[in-house]
Amino acid sequence: MRIHLQNFKKTFGDTTVIEDMNLTVEDGEMIALLGPSGCGKSTTLFAISGIHKINGGTLHFGDKDVTNLPAQERSVGVVFQNYALYPHMSVAQNIGFPLKVQKLKTAEINARVGEIAELVQIGNLLDRKPMQLSGGQQQRVALARALIRKPDVLLLDEPLANLDAKLRLEMRSEIRRLQRETGITAILVTHDQIEAMSMCDRIALMKDGRIEQISTPTQMYESPASHYVASFLGNPPISFLQAKADASLDLGHGNALPLPIGKAVQGELTLGIRPEHFGPQHDGPKISGQISFIEPQGREDLIDVMLPCGQKLRAIAPSGHGLKLEQDISWGTQMDRLHIFGADGTRL
Amino acid sequence: MRSRSNLFLIAILALISTPLVIMYVFQLIDSVSRPALGGFLPQTWELGNWRFLWETIDSARPSIWRVTFNTFVFAASTALLVCAFSITAAYALSRLNFPARRFFLAGLIMLHAFPTITLIIAIFIVLQFLGLYDSLIGVILVKAALELPFGIWIMKGFYDSVPWEIEMAGVQDGASRFRVWRELILPQVKPGLAALLIFSFLAGWSEFILPLVLAPGADAQVLATYMNAVIADDMRPDYGLFKAIGVFYALPVIAVYLLFQKQLMNIYGGGTKG
């Protein structure tokens, strides 16, 4: 079901958290609301679910205006960060609760619970209480409970935040698999860029109650709309360098990069260079500096380079490079992957 | 090291509790014996002090079983009333947004600390006016009302510790707020409810002032006022009889404590969160 949020406004008391926000999620699409805490992503989610009232604007599920429908009458499945399973009910009762509310016959409830439990692979746990389940299993129960009604939209509020690293990896692909198999429209709220990039068709990156950029993960990574977007995506993060543009992009103290072709740039600028685009393995214009830190990661090493101008540049070098701390180096930069940001933070 | 410091603590506790233990022991011993005149060591053993169980100790007074039944009705009705109102009022205060919520909360704390005895004359007049003076129903209503602030406060603490998400999940699953409360939230606060039920039952069981002032007649007598009458009426008080009734009166309390220790402890577990 296509979700369309238009001119959405949300206030808490006197403070306006979100103003004039537009968001469209296509049918069957999984979209991430990504941003730091306090950016309004959960608020948006709970407005769509109906738990928070919308102060302005409209919300449509398909062609149906649900702006003023209470949460109970919207067909929305929610998975909460702490799963919010009902502790006194068995797994089967938890999953069946939404159907029990709809007054379906016990036989049909049981059949559908069994069906969805197979889908999320917890068919053998139906008699247990939530307390007796591991985090990953609780997560699956929560997913089953959210999906059993076959809702118009599935909302996931930081679903992986309470899991350990290994389970997180597993559940990431599991949630994506379920979303694909059921073909449900889904919205994922997360502050974790890797989750957003790996699980979703599109990402809406939010900042201070606004959507900063909305595009596919690759697009967002490769052509960030602003300084903020570039800094939010990527691990290890992108490095920023202050530069002055006239005949070249001058980094000071003898370091300079040629002007990018086809772009008219002038004055004070910020350059964004991702670690994987700078290092001993790259051709292209050289930047010189001194190695200030080496962080072995196994497959590759993370290297901090201190430039003579006092700015720091991060590089990824394949392991076995034999580099030492405080060694002077001069490495190539991939110019076609260089991001240039103007004084206001937008990408040029 | 640890066990030695524990021993030390136990020794101190024992020392402090000795007077209490002596009191209880003599309460029990004196109820089945007769000390020498002016002394306190038992001289003869006898069950005469327990005669109140099978005969009326004086013609003007109701039988002990009638009084015990009254006390039970009083304590049980108080407990049920307090629980019924507490689970709903506390939920509203904990979760619902309604006008003057802060005022109610503040009022609750104030009433909690209010010396209720100062209200007794006003209550007397109100009951008189309603025609409930000298009836068990009147005392039950008053006692329940006075116990309510405590009950609501305790239950609010338990409700506060139930995650909001459970409620949100219930609403999202399509259930009404009432159904969410009854089927999803109430089961989470059951331990608190059990504790409150026992606690307010015991509070009713041991209440003395309210029945004494508001229901002095023979029909509405409870064990506390019955005991008072036994010792106050006679020219020569029968302490043996008095102590035997005391033991009889305390037995259910001890039984309840022994049976429901765990549930009673809960009240300190969940009830502290404001």
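None of the values given here were measured: they were computed from a predicted structure. Throughout, protein chains are lettered first and strands after them, A, B, ... in sequence-line order, and every chain is numbered starting at 1.
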State, to 0.1 Å, how close B:R179 and A:V101 come at their nearest heavy-atom pair, and which atoms those are. NH1-CA, 3.7 Å
Any chance CG of A:L69 has more than 12 other-residue heavy atoms, nucleotides or ligands included, within less than 6.0 Å? yes
If one checks every heavy atom of B:E183 against chain A at 4.5 Å, the contacting part turns out to be both
Ranked by heavy-atom pairs below 4.5 Å to chain B, first place among A:A142, A:P151, A:A84, A:S75 goes to A:A84
If you measure from CH2 on B:W164 to CD1 on A:I51, what distance do you get to the nearest 0.5 Å? 9.5 Å
Are there over 12 heavy-atom neighbours, none belonging to B:F103, within less than 6.0 Å of that residue's CZ? no
Side chains of B:S176 and A:Q72: any donor to acceptor distance under 3.5 Å? no
What is the minimum heavy-atom distance between A:S49 and B:Q172, and which atoms define it? O-NE2, 2.7 Å
Compare every heavy atom of A:R145 with every heavy atom of B:D173, then report the nearest pair and how far apart it is. OD2-CD, 3.5 Å
B:F208 atom CZ: more than 12 heavy-atom contacts under 6.0 Å: yes
Is the count of non-hydrogen atoms from other residues, nucleotides or ligands lying under 6.0 Å from A:F12 atom CZ greater than 12? yes
Around B:F248, counting heavy atoms of other residues, nucleotides and ligands shown, do more than 12 lie under 6.0 Å from its CZ? yes
Looking at A:Y86 and B:G170, would you say the former's side chain and the latter's main chain have a donor-acceptor pair under 3.5 Å? yes
So do the side chains of B:I166 and A:F80 get within less than 4.5 Å of each other, counting heavy atoms only? no
Atom group of A:I148 that falls short of 4.5 Å from chain B, counting heavy atoms: neither
Less than 4.5 Å apart, any side-chain heavy atom of B:M168 and any of A:F46? yes
